[in-house]
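Everything on this sheet refers to the single structure shown next.
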Amino acid sequence: MNLSIVNLASIAVFLSVFLFPSFNSTYWLKWRASLIPSTKFGADLIVKNGVIFTSDPSFPFANSMAIRDGRILRIGNYSSLQDLSGYGTKELNLEGKVVVPGFIDSHVHLISAGLQMARVQLKGVNRKDEVVRRVKESVLNAKRGSWILGGGWNNDLWGGELPMASWIDEVTPDNPVWLTRMDGHMGLANSVALKLAGVTNLTKDPNGGKIMQTADGEPTGLLIDAAMELILSWIPEVSVDERREAMLRASSFALTRGVTTVVDVGRYFPGSSVEHSWQDFSDVYQWADSSGKMKIRVCLFFPMGTWSRLHGVIHRAGRALSNWIYLGGVKAFADGSLGSNSALFHEPYFDDPHNYGLQVLEFESLFNMTIASDMSGLQVAIHAIGDKANDLILDMYESVALKNGKRDRRFRIEHAQHLAPGTADRFGQQGIVASVQPDHLLDDADAAIRKLGVDRAQKGSYLFRSLLSSNALLALGSDWPVTSTYPLHAIRTAMNRIPPGWDTAWIPSERLSLNDALIAHTISAAWACFLENEIGSLSTGKLADFVILSSDSWDEFATGGSTSVNATYVGGIQAYP
């Protein structure tokens with residue numbers, strides 16, 4: 001500090017003590033800070049006069065916080081931050097608005113979501129003729145012979161009847177079509193696509209997949225899980241530019257919903273190439289990071305079959321490639337989905353008594369890859385929806401932990417939707433992360449009762465409170481584009497559990513409190529991917545990611561259902577609107 005600043009400060013002390021005894025100490029502190037070089041002490045931004053929910057149990061609420069270089073300098077009462085207000089410090093008056101940490105969506109397919117936003121949109125469609133109309137409209141705007149891609153359909157919305165190629169063949173005589181179900185575990189191909197791929201009545205089901213057939217043995221156009229590869233391998237690769245645009249498009253949308261970080265499990269599905277995730281890593285994420293185009297933070301998971309490649313990258317570069325990109329771990333699939341009748345259960349489907357679901361990967365192969373991944377220090381996440389699939393993975397995780405020894409591994413089960421009696425307790429006993437998606441239950445409630453029967457559906461579906469009570473780490477997400485990323489909506493769903501058309505909650509004993517749901521979408525979600533030291537709560541040293549809500553008080557937020565996102569800040573900088 002140069003001599004002139006020291007002299008000025010000394011004079012100020014003399015004047016305030018001897019000549020102006022009534023000089024307010026707050027003004028003195030603020031004036032002193034303005035003399036001190038801001039690069040050392042001053043805040044870039046002070047956010048004040050709000051109801052700030054910190055997600056930090058030791059200090060749950062504050063009304064102000066100071067931010068410097070994208071991180072939180074201090075949080076507390078406005079008066080306690082005055083010494084951080086110097087030359088160049090800006091102030092943001094919240095005028096009583098509620099602020100929460102930036103939401104973490106614990107399970108998305110980010111680039112797939114961005115691509116789907118520019119394709120045939122079938123989410124929410126509840127009539128066969130509307131499906132046909134939207135496909136026809138897309139064909140009119142496409143070149144002859146080009147692929148028509150889209151998805152999001154849910155046959156439960158039009159009564160449960162599964163679509164067939166014949167539905168859309170008449171409007172797509174010259175274009176191959178591929179339309180994925182909302183859960184990504186089933187797709188519909190038209191006859192042009194089936195012919196191109198050579199799928200006939202002689203084609204056998206691949207391991208972990210199924211080709212749906214008519215009573216005469218002809219393919220209907222529906223392919224489930226691993227069988228989707230028969231079509232996917234014929235669809236031209238999405239260009240680098242399209243994937244980059246998709247990531248940026250999806251990121252911008254996520255910011256409108258208050259999402260500042262996502263756990264991206266990539267474009268890898270049963271039947272798709274494991275290379276997609278690695279291509280997106282280099283072509284999209286590293287490009288965006290190096291060119292300053294990242295808008296939200298991402299924690300990336302890669303196909304488990306490529307565990308050694310990921311281990312090599314982490315060994316060379318570490319897990320944090322920047323403040324924007326983190327390397328999470330590896331992911332695999334144990335089963336399919338409820339909607340596709342491919343989730344794996346101990347008992348057969350109520351509406352399909354010879355079907356227990358599909359085991360997507362052979363157990364021995366999955367076990368060996370999990371042992372190797374865990375031994376290399378990688379976090380492991382496995383998709384499991386049916387009760388048998390969840391039990392198989394819990395058994396496997398227990399064996400792997402015994403074999404590889406004790407460490408902080410935070411094994412994850414993605415979805416954990418349907419659990420056998422006593423299974424929820426095992427999550428807590430084994431320290432397993434339950435990565436769950438509340439908004440799925442809105443689509444699944446009626447389907448679960450129809451497919452599993454009332455008793456099984458009521459006792460074992462979406463057991464959020466039971467998982468939390470077992471001391472499992474609960475992390476909330478969306479599975480976007482299966483459902484849209486919308487944490488405020490997911491939090492309300494977890495609290496209320498009222499499906500469309502219902503007047504009462506589905507399994508009300510499994511509802512979460514507002515506090516529990518917020519924690520599961522913030523700090524617990526950060527813990528679930530080893531990022532608790534960087535994000536998830538508004539506390540000193542953390543990245544300054546926060547969301548300003550429309551609510552004018554905590555009571556309004558806690559009791560009202562119309563709260564929306566007013567603004568989203570990433571690293572202390574306004575990113576939306």
### Query
Would Lys459 and Glu510 satisfy salt bridge (charged side-chain N to carboxylate O under 4.0 Å, His left out), going step by step from the backbone distance to the final call?
CA-CA 10 Å; Lys459 289 181 178 178; Glu510 294 297 332; over 6 Å; no
### Task
Determine whether Leu149 and Val120 make a side-chain contact, defined as any pair of heavy atoms from C-beta on separated by less than 4.5 Å.
no
#### Entry: Atom CD of Glu362 with >12 non-hydrogen neighbours under 6.0 angstrom
no
### Query
What is the distance from atom CG of Leu467 to atom OH of Tyr462, rounded to the nearest 0.5 Å?
12.5 Å
### Query
Is it true that the side chains of Glu347 and Tyr356 contain a donor and an acceptor less than 3.5 Å apart?
no
### Task
Would you check, one step at a time, whether the test side chain to side chain donor-acceptor pair (under 3.5 Å) holds for His346 with Asp391?
CA-CA 9 Å; His346 289 291; Asp391 284 341; 2.8 Å; yes
### Query
Between Arg267 and Asp280, is the closest basic N to carboxylate O distance under 4.0 Å?
yes
#### Entry: Side chains of Ser337 and Met186 in contact at under 4.5 Å (non-hydrogen atoms)
no
### Task
Kindly compute the distance separating OG (Ser373) from NZ (Lys331), expressed to the nearest 0.5 Å.
14.0 Å
### Query
Within the distance-only criterion (no hydrogens, no angle test), does the side chain of Glu170 pair as donor or acceptor with the backbone N or O of Ser166 below 3.5 angstrom?
no
### Query
Going by atom types only, do Arg244 and Ser239 share a side-chain donor-acceptor pair under 3.5 Å?
no
### Message
Do Pro438 and Phe464 make a side-chain contact, defined as non-hydrogen atoms from C-beta onward lying under 4.5 Å apart?
### Response
yes
### Task
Flag this pair as yes if the NZ/CZ of Arg456 is under 6.0 angstrom from the six-membered ring centre of Tyr349 and inside a 45 degree cone about the axis; otherwise no.
no
### Query
In terms of side-chain heavy atoms, does Thr483 have a donor or acceptor partner in Gln437 at a distance below 3.5 Å?
no
### Any donor-acceptor pair under 3.5 Å from Ser290 side chain to Trp287 backbone
yes
### Query
Within a strict 4.5 Å, meaning less than it, do heavy atoms of the Leu338 and Leu452 side chains meet?
yes
## Note on the structure
Ser322 and Asp289 have their tightest heavy-atom pair at OG-OD2, 3.0 Å
### Query
So His107 and His415, would you call those rings parallel, tilted or perpendicular, with 30° and 60° as cut-offs?
tilted
#### Entry: Whether Trp307 and His311 hold their rings parallel, tilted or perpendicular, with breakpoints at 30° and 60°
tilted
### Charged N-O contact under 4.0 Å between Asp156 and Arg450
yes
### Message
Could you check whether atom CG of Asp352 has more than 12 heavy atoms from other residues, nucleotides or ligands sitting under 6.0 Å from it?
### Response
yes
### Query
Would you say the side chain of Tyr285 lies within less than 4.5 Å of the side chain of Leu110, judging by non-hydrogen atoms?
yes
### Query
So how far is it from Leu179 CG to Leu222 CG, rounded to the nearest 0.5 Å?
10.0 Å
### Query
Do the non-hydrogen side-chain atoms of Leu327 and Phe281 ever get within less than 4.5 Å of each other?
yes
### Message
Is there a ring pair (Phe, Tyr, Trp, His ring centres under 6.0 Å) between Tyr268 and Phe333? Walk through the geometry before answering.
### Response
CA-CA 10 Å; Tyr268 175 61; Phe333 289 84; 5.8 Å; yes
### Query
Just checking, is any N or O donor in the side chain of Asp439 or Thr493 under 3.5 Å from an acceptor N or O on the other one?
yes
### Message
Please check if the number of heavy atoms outside Phe350 that lie under 6.0 Å from its CZ is greater than 12.
### Response
no
#### Entry: Check: Trp480 ring centroid to Phe253 ring centroid under 6.0 Å
yes
### NZ/NE/NH1/NH2 to OD/OE distance under 4.0 Å, Glu242 and Arg249
no
### Query
Are the side chains of Tyr486 and Ser478 in touch, meaning some heavy atoms are under 4.5 Å apart?
no
### Query
Are Arg133 and Glu130 close enough for a salt bridge, meaning some N to O gap below 4.0 Å?
yes
### Message
Minimum heavy-atom separation for Ile449 and Trp506, please, with both atom names.
### Response
CD1-NE1, 4.5 Å
### Query
Testing Phe427, Phe367, Phe411 for ring-ring contact (aromatic ring centres under 6.0 Å, His included) with Tyr397, which one passes?
Phe411
#### Entry: Between CG on residue Asp264 and OG on residue Ser106, distance to nearest 0.5 Å
12.5 Å
#### Entry: Heavy-atom pair with the smallest gap, counting every atom of Leu188 and Ala165
CD1-N, 3.6 Å
### Query
Side chains of Val330 and Leu310: closer than 4.5 Å at any heavy-atom pair?
yes
### Query
For residues Asn190 and Trp167, is any side-chain donor paired with an opposing acceptor at under 3.5 Å?
no
### Point-to-point distance, once rounded to the nearest 0.5 Å, from CD of Gln417 to CD of Glu414
11.5 Å
### Task
Inspect the contact between Arg243 and Glu245 and indicate whether a charged nitrogen and a carboxylate oxygen are less than 4.0 angstrom apart.
no
### Query
Considering all heavy atoms of both residues, which atom of Ile148 and which atom of Ser138 are nearest to each other, and what is their separation?
CG2-OG, 3.6 Å
### Message
Please tell me whether Asn201 and Glu218 have a donor and an acceptor in their side chains that are separated by less than 3.5 angstrom.
### Response
yes
### Query
Nearest heavy-atom pair of Lys204 and Ile211: which atoms, and what distance?
O-CD1, 3.8 Å
### Query
Distance from Thr370 atom OG1 to Leu361 atom CG, nearest 0.5 Å?
9.0 Å
### Query
Is the NZ or CZ atom of Arg127 positioned over Trp158's six-membered ring, under 6.0 angstrom from the centre and within 45° of the axis?
no
### Query
Do Gln379 side-chain atoms and Cys529 backbone N/O form a donor-acceptor pair below 3.5 Å?
no
### Query
Do Ser342 and Lys210 get their side chains close enough for a donor-acceptor pair, meaning under 3.5 Å?
no
### Message
Parallel, tilted or perpendicular: which one describes the rings of His185 and His383, with boundaries at 30° and 60°?
### Response
tilted
### Query
Will you find, in the side chains of Lys123 and Asn154, an N or O donor that is under 3.5 Å from an N or O acceptor?
no
### Query
Quick check, are the ring centers of Phe269 and His109 under 6.0 angstrom apart?
yes
### Query
What heavy-atom pair brings Ala384 and Asp335 nearest, and what distance separates the two atoms?
CA-OD1, 3.5 Å
